[in-house]
Amino acid sequence: KFKIIYLSTLNFKVMLKKFLHKYSDAGILFIRIGIGIAFVFVYGIMKIEGGPEMWQMVGSAMSNIKINFGHVFWGFLASASEFFGGILILLGLFTRIAAAFLAFTMLMAFVTHLSMLDPWHIAMHPMEVLGVFMGLIFIGSGKYSLDNILFKINKEIFLHKSKTLTFNARNLTTIHF
């Protein structure tokens, strides 16, 4: 009995691992949906609708890194990156670029919380989200995204061209990988 249970448990683990690996792009989609909705409908819209007064307050975070001008401009950029970046991440369009803007915004939010001596459970939230955005910068938007649909053709052309290496010295040969 023990061997049968052990083998079936082992078999289940292998099947589960194969299933999760096969659908890992669905995991990226869930991350994008969760973080995108939060940044569009909670963080971003509030700051966009707040107008110049809100942008001034948000942009003043740049003073923490000795940038003491254009606070309304910096605040608008942060607000726009949260709102429009959230939309782009939700759609999976220009995900890496949007994630880079949002990562910088979260870094500045973290620095601001530290400078205000906020408790760690408050200050760490932007750092946690920064980690998510850094992950999206590295892994991209995944299979279930507009990036994949719109830019898949260009990606295939690039990969096809990079798999052929031609030696021009005496035109000896062409190697296909």
S.K.: For the pair F151 and F94, evaluate ring pair (Phe, Tyr, Trp, His ring centres under 6.0 Å) and give the outcome as yes or no after the intermediate values.
M.R.: CA-CA 10 Å; F151 304 116; F94 305 116; 5.8 Å; yes
S.K.: Using a 4.5 Å cut-off on heavy atoms from C-beta on, say whether the side chain of M108 contacts that of I65.
M.R.: yes
S.K.: How about F110 and M124: do any of their side-chain heavy atoms sit closer than 4.5 Å?
M.R.: yes
S.K.: If I take atom OG from residue S79 and atom CD from residue E49, how far apart are they, to the nearest 0.5 angstrom?
M.R.: 11.0 Å
S.K.: Only counting residues at least two apart or in another chain, list the ones meeting side chain to side chain donor-acceptor pair (under 3.5 Å) with D25.
M.R.: none
S.K.: Which ILVMFWY residues can you reach from M116 by hopping between side chains whose heavy atoms are under 4.5 Å apart?
M.R.: none
S.K.: Can you find a heavy atom in the side chain of I35 that is under 4.5 Å from one in the side chain of F133?
M.R.: yes
S.K.: Any heavy-atom pair between the side chains of F83 and V40 that's under 4.5 Å?
M.R.: yes
S.K.: Check ring pair (Phe, Tyr, Trp, His ring centres under 6.0 Å) between W74 and all other residues, then give those that pass, not counting sequence neighbours.
M.R.: none
S.K.: Less than 4.5 Å apart, any side-chain heavy atom of R32 and any of L90?
M.R.: no
S.K.: If you define the side chain from C-beta out and look only at heavy atoms, does anything of F104 sit under 4.5 Å from L77?
M.R.: no
S.K.: Within the 4.5 Å heavy-atom criterion, are M127 and M106 side-chain neighbours or not?
M.R.: no
S.K.: Tell me every residue that passes ring pair (Phe, Tyr, Trp, His ring centres under 6.0 Å) with Y144, counting only those two or more places apart in sequence or in another chain.
M.R.: none
S.K.: Identify the heavy atoms of A78 and V58 that sit nearest to each other, and give their distance.
M.R.: CB-CG1, 3.8 Å
S.K.: Tell me, please, which residues at least two apart from Y43 pass ring pair (Phe, Tyr, Trp, His ring centres under 6.0 Å).
M.R.: F39
S.K.: Starting at CG of N148, measure out to CD1 of I28 and round the result to the nearest 0.5 Å.
M.R.: 10.5 Å
S.K.: Restricting to side chain to side chain donor-acceptor pair (under 3.5 Å), what partner residues turn up for S141, sequence neighbours left out?
M.R.: S145, D147
S.K.: At their closest point, which heavy atom of R96 faces which heavy atom of I139, and how far apart are they?
M.R.: NH2-C, 3.4 Å
